[in-house]
Amino acid sequence: MTLIYIDLKRYFSFDLKKCMHSGQIFGWKNFGKKWYGFLNKVPVCVSQEENKLIVVSNKSITEDDIIYFFNLDEDVDKINKKIDVNDFMEKAIELYCGIRVLRQDPVETIIEFVCAQNKNIPAIQKTITEISKRYGEKAEMNGITFYGKPNIRKIAKSKLSEILETGIGYRAKYLLSTAEKISEDSTYVDKIRSMEYFSALNAMTSGKMKLYGVGLKVADCILLYGFYKLEAFPIDVWILRAYHYALKGFYDENLLSVNGFRKTKLSRKEYLLMGDVARKVFGKYAGYAQLYIYLASRSLFGGSKKF
DNA sequence: CTTAGACCTGA
DNA sequence: CAGGTCTAA
């Protein structure tokens with residue numbers, strides 16, 4: 001049994017709950033202040049008490065593993081200063097201070113975000129849990145059962161009909177094809193990791209390395225949350241809703257409107273252009289800016305769905 | 001290169 | 001409709 005206390009006063013502002021609710025991680029079980037899930041393939045229970053982060057596990061895990069996964073030693077002040085470009089961003093940073101881009105496993109994020117497309121957060125949580133139940137490792141702590149992220153090889157070897165039983169719907173064929181491709185090429189992940197952001201984005205969405213079911217938005221999520229490529233700026237419906245506020249004055253607003261209405265869909269070219277604007281404004285921390293904008297947008301336009 | 005529809009499922 | 005992508009035209 002391992003019990004680790006981390007003194008958060010040594011690090012920049014950190015908020016576990018905000019991280020877990022930021023839409024970058026799915027499949028963890030939440031009971032009160034405790035979060036159950038797998039960290040570096042090890043089942044853990046994580047909770048936060050003011051200035052302490054508490055991690056319990058019945059297997060071996062180190063403080064460094066935890067610092068790395070939650071990115072505790074990130075220089076958030078530097079990032080926040082860089083992306084605080086207007087009142088909207090200032091407010092978003094103030095409200096969602098303590099957030100981090102986590103360092104999840106690349107393959108796990110590929111699975112997560114292929115499944116996440118065109119679903120709402122509760123549905124995503126449910127799907128990921130169902131897939132983990134079938135293709136992931138089982139664990140139990142404090143009488144609570146939870147599952148690790150799905151094993152990609154197991155998925156690759158299974159039948160479409162089996163995957164469909166998880167309620168994943170039409171994404172099943174995407175997941176199977178992607179699982180097969182990554183399982184067949186043991187160097188796939190390393191290749192993406194070694195590429196510059198833009199090359200990696202192109203590789204995953206076009207050409208020989210393309211993953212079926214991975215478009216620009218999903219690829220950006222994977223590169224940001226799974227590969228820690230902070231230039232990635234995933235543009236989903238929430239970012240589109242808030243784009244006008246977050247990046248006012250930095251782009252030609254005609255690009256986002258049709259007949260006076262806000263566009264709800266972007267062409268590949270438009271998507272890349274909007275991302276480039278964000279990267280020009282927020283520099284190499286575009287991904288962090290995206291997290292703040294996403295959270296602010298949900299609380300502004302998402303009704304009661306905010307936390 | 002752009003743009004409608006279709007697409008599973010469930011809240 | 002939902003943190004989109006694929007396909008055909």
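Note that these values count all heavy atoms, side chains included, but never hydrogens, waters or copies made by symmetry. Because the structure is a prediction, the values reported are computed rather than measured. So you know, we letter chains A, B, ... as the sequences are listed, proteins then strands, and number each from 1.
Nucleotide B:dT3 holds its C1' atom 19 Å from the OH atom of A:Y271, rounded to whole Å. For the pair A:I222 CD1 and C:dG4 C1', the computed distance is 12 Å after rounding to whole Å. Rounded to an integer number of Å, the gap from A:I168 CD1 to B:dC7 C1' is 13 Å. To the nearest angstrom, C1' of C:dA2 lies 15 Å from CZ of A:F113. Whole-Å rounding puts the A:M274 CE to C:dG4 C1' distance at 18 Å. Rounded to an integer number of Å, the gap from CG of A:N120 to C1' of B:dC8 is 13 Å. Rounded to whole Å, the distance from CD1 on A:I131 to C1' on B:dT9 is 13 Å. As a whole-Å value, the separation of A:L272 CG from B:dT2 C1' is 14 Å.
As judged by a 4.0 angstrom heavy-atom cut-off over every strand, A:Q24 is placed among the base-contacting residues. Among the heavy atoms of the strands lying under 4.0 Å from A:R171 is at least one base atom, whether or not backbone atoms are also near. The residue A:I121 sits close to a base: some heavy atom pair falls under 4.0 Å. When heavy atoms are screened at a 4.0 angstrom cut-off, A:E130 is found touching no nucleic acid atom at all.
If you check B:dT2, C:dG4, C:dA2 against the side chain of A:V218, the one that comes closest is C:dG4. Here the nucleotide nearest the side chain of A:K217, chosen from B:dC1, B:dC8, C:dT5, is C:dT5.
Positionally, the nearest nucleotide of DNA chain B for A:Y170 lies more toward the 5' end than for the other of A:P122 and A:Y170. Residues A:N118 and A:K126 both approach DNA chain B. Their nearest nucleotides, taken by heavy-atom distance, put A:N118 toward the 5′ side.
Here, B:dG10 and C:dC6 have their C1' atoms 22 Å apart, quoted to the whole Å. Comparing the same atom, P, in B:dA11 and in C:dT5 gives a spacing of 23 Å after rounding to whole Å.
With A:Y228 as the aromatic partner, A:R103 meets the cation-pi criteria of under 6.0 angstrom to the ring centre and within 45 degrees of the ring axis.
Enclosure of atom CZ in A:R153 is not indicated, since only 12 or fewer non-hydrogen atoms of other residues, nucleotides or ligands lie within 6.0 angstrom. Within 6.0 Å of OH in A:Y68 there are 12 or fewer heavy atoms belonging to other residues, nucleotides or ligands.
Between A:Y292 and A:Y96, the ring center distance fails the sub-6.0 Å criterion. Residues A:Y147 and A:F38 place their aromatic rings such that the two centres sit no closer than 6.0 Å. The ring of A:F70 has its center closer than 6.0 angstrom to the ring center of A:F14.
Interatomic distance, CD1 of A:I192 versus CG of A:L223, reported as 7.0 Å (0.5 Å rounding). Interatomic distance, A:W35 CH2 to A:N30 CG, rounded to the nearest 0.5 Å: 3.5 Å. Here the CD1 atom belonging to A:I6 is positioned 13.0 Å from the CG atom belonging to A:N51, to the nearest 0.5 angstrom.
Using a 4.0 Å cut-off, no side-chain N or O of A:K173 falls inside it from OP1 or OP2 of C:dT5.
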Give each protein N/O atom lying under 3.5 Å from an N/O atom of nucleotides 6-9 of chain C, with the pair distance.
residue : atom : partner : partner atom : Å
C:dC6   : OP1  : A:K210  : NZ           : 3.0
C:dC6   : OP1  : A:G213  : N            : 2.9

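The two atoms that bring A:M209 and A:K191 nearest to each other are CE-CB, 3.9 Å, heavy atoms only.
Helical stems involving DNA chain C, defined as 3 or more consecutive Watson-Crick or G-U pairs under 3.5 Å, span B:2-7 with C:4-9.
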